[in-house]
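Working notes, beginning with the structure itself.
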Amino acid sequence: MSKLIAVMNMTLDGFCDHTAMTGGEEIHQHYTEVLNSSDAVIYGRITYELMEYWKPFVQNPTGQRDMDEFAAAIDKISKIVYSRTLEHVDWNNTELKREVIRDEILDLKQNADKDILVGSPSLIVELANLRVVEEYQLGVHPTIVGSGLPLFKNIAEKIDLNLIESKTFGSGAIFLSYEPTLKSAQT
């Protein structure tokens with residue numbers, strides 16, 4: 001059985017704002033490895049539409065190896081998009097769903113060979129509240145923006161975590177991996 005892993009970049013003050021952070025070669029390589037070691041990624045509409053930025057680079061590479069490899073990885077991986085407003089999705093390996101159903105998420109994890117990622121702030125919260133997230137991989141970037149979308153807005157109950165891995169990049173970004181404690185993982 002695979003794990004469901006919440007994966008998100010955030011500013012030092014806890015906001016999800018991709019425009020405030022700098023990617024860079026190391027960051028793209030890191031996320032390419034994460035995508036290549038996973039079976040699927042779950043997005044909400046907004047994040048899915050932001051990620052569509054990478055679609056053209058599969059057919060027309062940028063010439064920057066790290067970006068082109070990331071574009072290929074995000075194109076290849078299965079994508080599940082939860083949206084009540086999108087009419088259709090046309091990206092390679094993409095499935096549109098209307099609502100999150102806990103049993104469907106558990107079946108997905110049960111039948112996957114590799115881990116499943118969730119990469120949208122609202123879905124991270126929704127799945128955390130359902131107690132199905134088994135790992136949080138957070139990229140904390142050395143930027144303070146003061147306002148924006150907080151990653152863990154609307155968490156219903158406290159979730160205690162254990163640090164299982166950390167990685168520091170030359171840009172000053174730190175990637176932290178946490179697992180819920182046994183007490184927090186119980187439903």
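Put simply, the residue from Asn129, Val118, Ile42 that forms a side-chain contact (heavy atoms from CB on, under 4.5 Å) with Ile124 is Val118. For the side-chain contact (heavy atoms from CB on, under 4.5 Å) test with Arg45, the passing option among Thr85, Leu50, Leu96 is Thr85; the others fail.
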Step by step, work out the side-chain contact (heavy atoms from CB on, under 4.5 Å) result for Ile159 and Arg131.
CA-CA 9 Å; Ile159 302 171; Arg131 299 291 197 215; 2.8 Å; yes
Asn162/Thr181 under side-chain hydrogen bond (donor to acceptor under 3.5 Å, both in side chains): CA gap, chis, key distance, verdict
CA-CA 6 Å; Asn162 290 323; Thr181 64; 5.6 Å; no
Does Asp17 form a side-chain contact (heavy atoms from CB on, under 4.5 Å) with Thr143? I'd like the steps, not just the answer.
CA-CA 10 Å; Asp17 182 352; Thr143 303; over 6 Å; no
Please lay out, stage by stage, how Leu35 and Leu117 fare under the test side-chain contact (heavy atoms from CB on, under 4.5 Å).
CA-CA 8 Å; Leu35 290 168; Leu117 308 172; 3.9 Å; yes
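His28 places none of its side-chain heavy atoms less than 4.5 Å from the side chain of Gln64. When side chains are defined from C-beta on, Asp90 counts as touching Glu52, because their heavy atoms get closer than 4.5 Å. Contact of the Thr11 side chain with the Ile144 side chain is not registered, since no non-hydrogen atoms from C-beta on lie closer than 4.5 Å. Counting heavy atoms from C-beta outward, Val34 and His30 have side chains that approach closer than 4.5 Å. Residues Met67 and Trp54 meet the side-chain proximity criterion, which asks for heavy atoms closer than 4.5 Å.
The nearest pair of heavy atoms linking Gly63 to Asp68 is N-OD2, 2.9 Å. For the pair Asn9 and Tyr31, the tightest heavy-atom approach, listed with the atom from each and the gap, is OD1-OH, 3.0 Å. Val100 and Ile105 make their closest contact through CG1-CG1, 4.1 Å (heavy atoms, listed as atom of the first residue, atom of the second, distance). Leu130 and Arg102 make their closest contact through O-NE, 3.0 Å (heavy atoms, listed as atom of the first residue, atom of the second, distance). For the residue pair Trp91 and Met51, the shortest heavy atom distance occurs at CH2-O, 3.2 Å. Nearest heavy-atom pair, Phe57 versus Ala71, reported as atom, atom and distance to 0.1 Å: CB-CB, 3.7 Å.
Here Gln137 contributes atom CD and Ile164 contributes atom CD1; the two are 7.5 Å apart, rounded to the nearest 0.5 Å. Taken from NE2 in His88 to OG in Ser83, the straight-line distance is 11.5 Å, to the nearest 0.5 Å. Distance check, rounded to the nearest 0.5 Å: CD1 of Ile74 to CD of Glu69 gives 14.5 Å. In this structure, the separation between NE2 on His141 and NE2 on His18 is 12.0 Å, given to the nearest 0.5 Å. Interatomic distance, CG of Leu151 versus CZ of Phe15, reported as 11.0 Å (0.5 Å rounding).
Under the 4.5 Å side-chain heavy-atom criterion for ILVMFWY residues, no single connected hydrophobic cluster contains both Ile77 and Met8. Tracing side-chain contacts under 4.5 Å through hydrophobic residues (I, L, V, M, F, W, Y), one reaches Leu161 starting from Val140; they form part of the same cluster. Both Phe70 and Tyr48 sit in one connected hydrophobic cluster of ILVMFWY residues. Membership requires side-chain heavy atoms under 4.5 Å apart, directly or through other members. Using a 4.5 Å cut-off between side-chain heavy atoms of Ile, Leu, Val, Met, Phe, Trp and Tyr, with links allowed through other members, Ile101 and Leu108 fall into different hydrophobic clusters. Criterion: ILVMFWY side-chain heavy atoms under 4.5 Å apart, direct or through other members. Under it, Tyr82 and Leu127 are part of a common hydrophobic cluster.
Annotation for Ile46: atom CD1 does not count as buried by contact number, only 12 or fewer foreign heavy atoms lying within 6.0 Å. No more than 12 heavy atoms of other residues, nucleotides or ligands sit less than 6.0 Å from atom NZ of Lys76. Crowding of Arg84 atom CZ: a count of heavy atoms from other residues, nucleotides or ligands under 6.0 Å not exceeding 12.
Partners of Asp103 according to the salt bridge (charged side-chain N to carboxylate O under 4.0 Å, His left out) rule, which considers only residues two or more places apart in sequence or in another chain, do not exist here.
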Scan the side chains in residues 165-179 for donor-acceptor partners under 3.5 Å anywhere in the protein, sequence neighbours excluded, and list what turns up.
unit_1	atom_1	unit_2	atom_2	d
Ser171	OG	Ala173	N	3.3

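Side-chain atoms of Lys153 never come within 3.5 Å of backbone atoms of Val125 as a donor-acceptor pair (strictly under, hydrogens ignored). The backbone N or O of Asp113 lies less than 3.5 Å from a partner atom in the side chain of Asp39, making a donor-acceptor pair. Checked by atom type and distance alone, the side chain of Lys79 pairs as donor or acceptor with a backbone atom of Asn92 at under 3.5 Å. In this structure, the side chain of Lys114 engages the main chain of Asn36 through a donor-acceptor pair within 3.5 Å.
Under 3.5 Å, the side chains of Asp115 and Ser2 contain no donor-acceptor pair of N or O atoms.
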